[in-house]
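No hydrogens, no waters, no symmetry mates; every other heavy atom, side chains included, goes into these values. Everything numeric here is computed off the predicted structure, so don't read it as measured data.
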Amino acid sequence: MYKFLTTARENGIERLTLNRPDVRNAFNEEVIAELTEWAAHTREAAERRELRAVVMAGAGKMFCAGADVAWMSKTVHYTEEENLRDAMAAARMFSAINELPLAVIGRVQGAALGGGAGLAAVCDIVVASDDAVFGFTEVKLGIIPAVISPFALAKIGRSAARELFLTGARFTASRAKEIGLVHAVVPAGELDAAVAGYVQEVFTAGPEAVAAAKALIQRVWDSAIDETATITARAIATRRVSAEGQEGLGAFLEKRKPSWHA
Ligand code: COA
């Protein structure tokens, strides 16, 4: 049981809701600890093939207003070591979500600011309502989007980051889609249907293939170009001979649905 998260697991889908609506789901050290613990449990369930998708949402008006400003302001009294430990915990939380071996779908309404935009960046697929606002707003507070930067940069690239990290300006959902932070923008009333559409799509894909495709993106991204031929050839060779690969290829040839098709 969590204090600031609600979770519901059904039919292979984990629904995670950030649940601190009174502060627009801002996260402090307790939320970070809970999210890290949740990610570890979710990884285990995904590895046991009990889960195939996560839907990450925020309770109330907004997805997430980022790091809790009240908590961050208190860290002035921390030693350098304590501050470092605190920031490392946040970095580990983002990594743990980023590396989950299943599809993580973000459902963004209202706003995703600062670390909230960072949470969107560690989702594989983000669906936003057309009135949602995004921003890497940290510089407005005299701080920087540090621990979220690897994940944000991987999504939006250096050019958009140079504009948006340096200005801290808020931007629309359609701009977020243009720069790759968001994948679909829909009217607020259609948010759940759009998320369900993505979940359905994921459920027609081989679960191991989804995890392998996700791992491959990271691996190729992190590799030198002359290493990628070996990495990618090994990855596809492994999939081809796997039971799941054989089932998927066979099902296509036999004009039937593969066993995982839900
Ligand atoms: N940390 C702590 N508390 C926050 C917060 C944050 N990041 N964002 C919002 N809150 C709190 C507000 O202080 C307010 O508390 P109060 O009711 O005790 O006054 C409450 O949440 C509601 O915020 P409010 O601004 O009144 O709501 P809103 O719906 O009009 O606007 C936001 C919501 C998120 C657009 C606005 O609060 C905002 O811009 N927050 C700052 C976001 C930010 O810069 N995040 C980056 C942090 S690095």
Side-chain angles (χ1 to χ4, degrees), residues 7-16 38-57 94-107 120-128 150-151 154-157 177 180-186 190-262:
T7 59
R9 191 175 292 184
E10 201 184 358
N11 300 328
I13 308 166
E14 171 90 350
R15 294 183 190 278
L16 167 75
W38 167 83
H41 290 309
T42 301
R43 165 175 280 281
E44 286 164 15
E47 284 169 352
R48 289 194 303 269
R49 302 287 170 234
E50 287 168 14
L51 285 177
R52 292 171 67 178
V54 167
V55 176
M56 186 191 293
F94 283 108
S95 281
I97 301 172
N98 190 54
E99 287 162 17
L100 285 174
L102 77 179
V104 180
I105 302 165
R107 177 199 186 280
V122 293
C123 291
D124 300 299
I125 300 161
V126 178
V127 182
F151 314 105
K155 286 282 179 74
I156 72 173
K177 183 165 181 268
L181 187 59
V182 159
H183 301 90
V185 178
V186 298
E190 293 170 25
L191 208 44
D192 288 321
V195 168
Y198 273 114
V199 169
Q200 219 171 348
E201 202 67 61
V202 166
F203 271 64
T204 62
E208 286 172 17
V210 170
K214 182 163 175 174
L216 181 73
I217 295 165
Q218 186 73 40
R219 184 90 197 276
V220 169
W221 181 264
D222 290 340
S223 301
I225 190 75
D226 58 350
E227 293 169 356
T228 54
T230 315
I231 291 166
T232 56
R234 280 216 177 103
I236 184 61
T238 306
R239 295 309 312 149
R240 278 185 205 151
V241 299
S242 67
E244 191 185 272
Q246 283 298 306
E247 167 64 9
L249 299 167
F252 179 82
L253 294 173
E254 291 158 24
K255 300 189 190 307
R256 62 173 173 83
K257 290 199 166 136
S259 57
W260 62 74
H261 203 287

Asks: Determine whether Arg234 and Thr230 satisfy the following criterion, side chain to side chain contact (heavy atoms under 4.5 Å, CB included), listing intermediate values before the conclusion.
Replies: CA-CA 6 Å; Arg234 280 216 177 103; Thr230 315; 3.7 Å; yes

Asks: Looking only at heavy atoms, which two atoms of Trp260 and Gly248 are closest? And how far apart?
Replies: CH2-CA, 3.4 Å

Asks: What heavy-atom pair brings Glu99 and Arg43 nearest, and what distance separates the two atoms?
Replies: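 The answer is O-NH2, 2.8 Å.
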
Asks: Supply the atom-to-atom distance Ile231 CD1 to Ile236 CD1, rounded to the nearest 0.5 angstrom.
Replies: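 So the CD1 of Ile231 and the CD1 of Ile236 are separated by 15.0 Å.
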
Asks: Is it the case that over 12 heavy atoms from other parts of the model lie below 6.0 angstrom from the CG atom of Leu253?
Replies: yes

Asks: Going by an N to O cut-off under 4.0 Å, is there a salt bridge joining Glu10 and Arg15?
Replies: no

Asks: Could you go through the side chain to side chain contact (heavy atoms under 4.5 Å, CB included) check for Thr232 and Val220 one step at a time?
Replies: CA-CA 8 Å; Thr232 56; Val220 169; 3.8 Å; yes

Asks: Is it true that, when you exclude Glu201 itself, more than 12 heavy atoms of the residues, nucleotides or ligands shown sit nearer than 6.0 Å to its CD?
Replies: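 At most 12 heavy atoms, drawn from other residues, nucleotides or ligands, come within 6.0 Å of this atom.
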
Asks: Nearest heavy-atom pair of Ala235 and Leu216: which atoms, and what distance?
Replies: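 That would be CB-CD1, 3.8 Å.
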
Asks: Hey, could you give me the CE/SG distance between Met56 and Cys123, rounded to the nearest 0.5 Å?
Replies: 4.5 Å

Asks: If I compare all heavy atoms of Ala205 with all of Val210, which pair ends up nearest, and what's the gap?
Replies: CB-CG2, 3.7 Å

Asks: For the backbone of Val55 and the side chain of Glu14, can you confirm whether one donor and one acceptor N or O come within less than 3.5 Å of each other?
Replies: no

Asks: Looking at Ala251 and Lys257, what are the two nearest heavy atoms and their distance?
Replies: CB-C, 4.0 Å

Asks: What distance do Leu16 atom CG and Trp38 atom CH2 have between them, rounded to the nearest 0.5 Å?
Replies: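 If I round to the nearest 0.5 Å, the distance is 4.5 Å.
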
Asks: Got a salt bridge between Glu244 and Arg239, using NZ or NE/NH1/NH2 to carboxylate O under 4.0 Å?
Replies: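 Salt bridge: yes.
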
Asks: Out of curiosity, Leu100 CG to Lys214 NZ, how far, rounded to the nearest 0.5 Å?
Replies: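 If I round to the nearest 0.5 Å, the distance is 5.5 Å.
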
Asks: Please report the C-alpha distance between Val186 and Val127 in whole Å, then the side-chain angles of each, then the deciding distance to 0.1 Å, and finally whether the side chain to side chain contact (heavy atoms under 4.5 Å, CB included) criterion is met.
Replies: CA-CA 8 Å; Val186 298; Val127 182; 4.2 Å; yes

Asks: Apply side chain to side chain contact (heavy atoms under 4.5 Å, CB included) to residues Phe203 and Ile13 and explain how you reach the verdict.
Replies: CA-CA 10 Å; Phe203 271 64; Ile13 308 166; 3.7 Å; yes

Asks: Look at atom CZ of Arg9 and say whether more than 12 heavy atoms of other residues, nucleotides or ligands are closer to it than 6.0 Å.
Replies: yes

Asks: Tell me the closest heavy-atom pair linking Asp124 and His183, and the distance in Å.
Replies: O-CE1, 3.2 Å

Asks: Can a salt bridge be assigned to the pair Glu247 and Arg256 using a cut-off of 4.0 Å between side-chain N and carboxylate O?
Replies: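 A salt bridge is present here (some side-chain N lies under 4.0 Å from a carboxylate O).
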
Asks: How long is the span from the CG atom in Asp222 to the CD atom in Glu227, to the nearest 0.5 Å?
Replies: 10.0 Å

Asks: Please round to the nearest 0.5 Å and tell me the distance separating atom CG of Leu51 and atom CD of Glu44.
Replies: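 Nearest 0.5 Å value for the CG-CD distance: 11.0 Å.
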
Asks: Any side-chain heavy atom of Phe252 sitting closer than 4.5 Å to one from Pro258?
Replies: no

